[in-house]
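Counting from 1, the numbers follow the sequence of the chain as shown. Below, each value reflects all heavy atoms present in this structure, side chains not excepted, and no hydrogens, waters or symmetry copies.
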Amino acid sequence: MPLSGGGDVDEWEYVGYYLSQHLTFKPFPSLVFNHNQTFYPFGTTQVFSDWSLESNYWFTFFYNNFGHGAWLNYYYILSLIVSFLGSYLILKKDFGEPKALFVGFVVTFFNFYALNKYPHHYNHSTIHWAILSLFTDFILVKRIILKEDISLKWVFLKVFILLATLGMNLGYICGFALNSFVISFIAVLVIIVKRIAKGENQLRKYLIDWFDDLKRSPIFYFILSVPSLIFMFLYLPLVLQIYFEAKSFHLDDANAPHFWSHPLRMLLPYFPNFSALHNPFTHLLKDMPEGLGSGSPGWVCLSLGIIGFFSNRKQFWLVFVPLIILLLISTFYHPNKIPTLKIFPWGAYNRVPSRFTSLLPVIFSCFFLPTDVRKLPYNKFLLLVFTTFFVLELSVVYKYRYSQKPFEFDKNFFGYMQQVKMQKGEAVMDFPFCIVGGDGTGLRENLCPIFQRTCNVYALSRFHEKKVIGGYYSHVHDSAIKGFIGVGIGNWATPNDSTYIEGWKRATKIINTFNDQQLEHFVKYFQYNDFAGINVCVDLIPTKMYQQITTAIGQPTQSTIFPGAGKVVFIPKPKDWQILVDKDKAKQMKFPCGCK
């Protein structure tokens with residue numbers, strides 16, 4: 001089945017769906033970002049969607065050719081395969097096959113934070129190219145500092161992987177890979193310049209060897225360049241378009257939640273009865289971890305890093321420097337108090353520092369890779385302890401993962417969506433609706449009264465293909481909600497917890513019924529906009545409010561279950577109301593409307 005389940009899960013297919021509807025080639029890829037497909041009828045920019053271009057293109061291809069299916073689930077499996085086998089293939093020449101196989105397994109299947117991001121934060125669970133990019137950065141630094149050969153084929157591989165990271169989540173995963181490359185590049189540049197100053201031109205030797213290889217096999221290297229050129233064509237124009245579009249907005253998110261994780265969380269294990277999974281010590285550490293195991297790579301990965309660093313620091317300390325810098329500026333990053341990552345242009349919108357956790361296993365594995373286990377003191381004891389950690393953490397995390405059942409759609413869901421799609425009208429109204437940003441925009445104004453249950457109902461538009469009033473993006477500019485505030489739709493509903501700071505987490509139901517002014521305003525807004533009908537989430541509103549809606553508009557024609565929101569019914573707009581549609585009038589409404 002398609003990837004769904006309510007909450008953030010529904011976001012990932014929607015982004016691919018949006019790409020499929022608005023992508024053009026002129027001749028380069030281009031996207032229309034400003035559209036009223038969401039935030040109807042005013043519209044907004046889609047630039048702050050969670051773009052992950054590789055999976056977006058993947059979904060677009062299969063959706064356009066085969067309709068809905070489990071396309072992103074297949075992509076996830078391929079991501080794990082590329083992480084595992086790609087790590088093995090990249091590392092085996094420098095560190096041997098057994099160690100390459102072991103490390104590939106660890107960064108893929110012991111990357112607990114990334115594994116637990118599926119499917120809720122899907123684009124932080126598919127991180128294969130970023131993993132391979134950090135490994136190739138490490139090998140690049142190692143080979144240059146230790147004066148080892150670097151073949152031209154390896155250079156082509158590095159370019160290919162670096163370009164491929166542009167297809168990862170742009171706000172975080174791609175940014176982490178770029179951070180690593182820039183730091184590594186600066187480090188080796190300093191080393192090369194210092195050696196040139198001493199009369200040793202290492203770069204000249206590399207360039208001569210590469211030029212000779214190119215002359216011997218020009219066709220071979222042209223063929224090797226084709227995948228990189230394809231990625232450059234597909235990704236670079238859109239990445240630049242997204243970057244410059246995002247830069248045109250000034251976002252003041254100083255008061256938004258930043259989901260910072262205390263660095264001490266790195267020490268937490270995944271053990272029975274004491275696990276990093278559910279982020280203990282929040283009140284003690286006074287942080288706001290985001291995601292299961294936020295900040296903690298687990299003791300298997302941590303022990304690899306500690307053993308590797310201290311056993312190899314004398315010989316490899318200079319090779320480790322870029323990794324240490326990356327680790328420090330990422331682990332201690334806070335968007336307001338310690339904005340280290342904002343020195344990079346792609347770090348401007350990094351709102352959730354703990355998402356770097358998924359790359360901690362890669363860094364700690366790099367520390368371990370040069371280790372000769374046989375020469376370690378007390379190696380048998382260390383192996384016993386490590387095996388204990390291995391078994392404990394594997395059993396705890398995978399037991400939890402297997403306890404989570406996959407979401408299955410209600411048997412009436414697709415028929416319901418087809419009926420909505422066939423109704424006359426360019427949009428459909430969802431109630432309760434949710435117009436919100438991950439930075440908190442819209443919460444104060446009561447534009448998303450029940451966040452936890454309705455935040456991604458808008459993303460179900462990929463099934464009925466109507467425009468929707470709701471929308472949920474990582475950042476929402478104040479100007480995007482100005483129209484809704486002016487109209488006054490935030491006056492319709494009162495949630496059972498309306499406190500701004502924590503209420504968005506706890507609110508589960510609307511508790512008011514419409515008074516005369518609210519009902520009049522609600523009905524006229526529905527009449528003036530070109531809605532095909534209304535999806536009423538009956539589990540989220542009082543029975544009396546539901547009766548008020550059906551009395552004013554009409555009886556439902558069908559029902560189903562919406563992921564997250566629960567039971568929903570569709571009430572089509574009465575045919576004689578079609579002549580009342582006036583979107584300009586809808587945009588100019590005020591509350592109370594005094595429409596009578």
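Counting only heavy atoms from C-beta outward, the side chains of V536 and V568 never approach each other to under 4.5 Å. S358 has its side chain out of reach of K117: every pair of non-hydrogen atoms, C-beta onward, lies at least 4.5 Å apart. Contact annotation: the side chain of S261 never approaches that of F356 to less than 4.5 Å [non-hydrogen atoms, C-beta and beyond]. With a 4.5 Å cut-off on side-chain heavy atoms, N496 and T508 count as touching. Taking the side chain as every heavy atom from C-beta outward, I127 and N169 never approach each other to under 4.5 Å. Here the side chains of S52 and L170 are not in contact, with every heavy-atom distance at 4.5 Å or above. Side chains of F112 and L277 form no contact here, defined as non-hydrogen atoms less than 4.5 Å apart. Looking at heavy atoms from C-beta onward, N350 lies out of side-chain contact with P335 at the 4.5 angstrom threshold.
The line from CG of N412 to OG1 of T560 is 5.0 Å long, rounded to the nearest 0.5 Å. Within the model, atoms CZ of F109 and OG of S83 stand 8.5 Å from one another, a figure rounded to the nearest 0.5 Å. To the nearest 0.5 Å, the span separating CG on N56 from OH on Y235 amounts to 9.0 Å. To the nearest 0.5 Å, atoms CG (L53) and CG (L238) are separated by 5.5 Å. Atom CD of Q578 and atom NZ of K575 lie 9.5 Å apart (nearest 0.5 Å). Note that CZ of F39 is 6.0 Å distant from CD1 of I435, once rounded to the nearest 0.5 Å.
Side-chain atoms of Q527 do not come within 3.5 Å of backbone N or O of L580 as any donor-acceptor pair. The closest donor-acceptor contact from the side chain of N446 to the backbone of A493 lies under 3.5 Å. In this structure, the side chain of S49 does not engage the main chain of W51 through any donor-acceptor pair within 3.5 Å. A donor-acceptor pair under 3.5 Å is absent between the side-chain atoms of N529 and the main chain of D582, judged by distance alone. At distances below 3.5 Å, at least one donor-acceptor pair connects side-chain atoms of K466 with backbone N or O atoms of G425. A donor-acceptor pair under 3.5 Å is absent between the side-chain atoms of S296 and the main chain of G293, judged by distance alone. Remark: side-chain polar atoms of D430 are not paired, donor with acceptor, to backbone N or O of F433 under 3.5 angstrom. Put simply, the side chain of E426 never gets that close to the backbone of F531: no donor and acceptor are under 3.5 Å apart. Judged by distance alone, with hydrogens and angles left aside, the side-chain atoms of N512 form a donor-acceptor pair with the main-chain N or O of T494 at under 3.5 Å. Of the possible polar contacts, one joining the Y172 side chain to the R351 backbone as a donor-acceptor pair under 3.5 Å is found.
Note on ring orientation: taking the six-membered ring where Trp is involved, the planes of F66 and W71 are tilted (angle from 30° to 60°). Classified by interplanar angle (parallel below 30°, tilted 30° to 60°, perpendicular above 60°), the ring pair F570/Y416 is perpendicular. A perpendicular orientation is assigned to the rings of H278 and Y400, their planes being inclined by more than 60° (bins at 30° and 60°). By the 30° and 60° cut-offs, the orientation of the rings of Y122 relative to Y76 is tilted.
Taking the charged nitrogens against the carboxylate oxygens, E290 and R355 do have a contact shorter than 4.0 Å, which makes a salt bridge. The pair R462-E11 fails the salt-bridge criterion, with no side-chain N (NZ, NE, NH1 or NH2) lying under 4.0 Å from an Asp/Glu carboxylate O. A salt bridge does not link K573 with D530: none of the charged nitrogens is closer than 4.0 Å to a carboxylate oxygen.
Side chains of S133 and T165: no donor on one and acceptor on the other come within 3.5 Å. In this structure, a donor-acceptor pair under 3.5 Å is present between the side chains of S4 and D10. Under 3.5 Å, the side chains of T126 and S79 contain no donor-acceptor pair of N or O atoms. When only modelled atom types and interatomic distance are considered, Y14 and D50 share no side-chain donor-acceptor pair under 3.5 Å. Side-chain N/O atoms of H22 and Q37 include a donor and acceptor closer than 3.5 Å. A side-chain donor-acceptor contact under 3.5 Å links T38 and Y473. Under the 3.5 Å distance criterion, with hydrogens and angles disregarded, a donor-acceptor pair is assigned to the side chains of E54 and W129.
Between H121 and Y113, the ring centre distance reaches or exceeds 6.0 Å. Checked against the 6.0 Å centroid criterion, the rings of F110 and Y270 do not qualify as a close aromatic pair. Outside the 6.0 Å centre-distance limit, the rings of W12 and Y75 are not counted as a close aromatic pair. Ring pair F48/Y349: centre-to-centre distance below 6.0 Å. The aromatic ring centres of F463 and F413 sit less than 6.0 Å apart. A ring-centre distance under 6.0 Å is found for F409 and F407.
Smallest separation of non-hydrogen atoms from I173 and A130: CG2-CB, 3.4 Å. Of all the heavy atoms in P237 and M232, the pair that sits closest is CD-O, 3.4 Å. Closest approach of H464 and V468 over heavy atoms only: CE1-CG1, 3.7 Å. Taking each heavy atom of P572 and Q423 in turn, the nearest pair found is CB-OE1, 3.8 Å. Residues L31 and L19 come closest through the heavy atom pair CD1-CD1, 3.6 Å. Of all non-hydrogen atoms in P432 and I450, the two that sit nearest each other are CG-CD1, 4.3 Å.
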Could you give me the CA-CA distance, side-chain angles and deciding distance for S354 and S294, then say whether side-chain hydrogen bond (donor to acceptor under 3.5 Å, both in side chains) is met? CA-CA 6 Å; S354 60; S294 178; 3.2 Å; yes
Between Y17 and Q21, is a side-chain contact (heavy atoms from CB on, under 4.5 Å) present by the stated rule, with each step listed? CA-CA 6 Å; Y17 168 73; Q21 301 298 298; 3.7 Å; yes
Would you check, one step at a time, whether the test side-chain contact (heavy atoms from CB on, under 4.5 Å) holds for F526 with I534? CA-CA 8 Å; F526 179 70; I534 180 170; 3.9 Å; yes
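Around the OH atom of Y402, the shell of radius 6.0 Å holds no more than 12 heavy atoms that belong to other residues, nucleotides or ligands. Around CD of E465, the count of heavy atoms belonging to other residues, nucleotides or ligands within 6.0 Å exceeds 12. The local environment of CZ in F233 is crowded, with over 12 non-hydrogen atoms from other residues, nucleotides or ligands closer than 6.0 Å. More than 12 heavy atoms of other residues, nucleotides or ligands lie within 6.0 Å of OH in Y398, so this atom counts as buried by the packing criterion. More than 12 heavy atoms of other residues, nucleotides or ligands sit less than 6.0 Å from atom NZ of K509.
A disulfide is not assigned to C434 and C455, since their SG atoms are no nearer than 2.5 Å.
For the pair K467 and Y40, the NZ or CZ position fails the cation-pi test of under 6.0 Å to the six-membered ring centre and within 45 degrees of the ring normal.
With W492 as the fixed residue, the ring pair (Phe, Tyr, Trp, His ring centres under 6.0 Å) test singles out one of F514, F591, F522, F484: F522.
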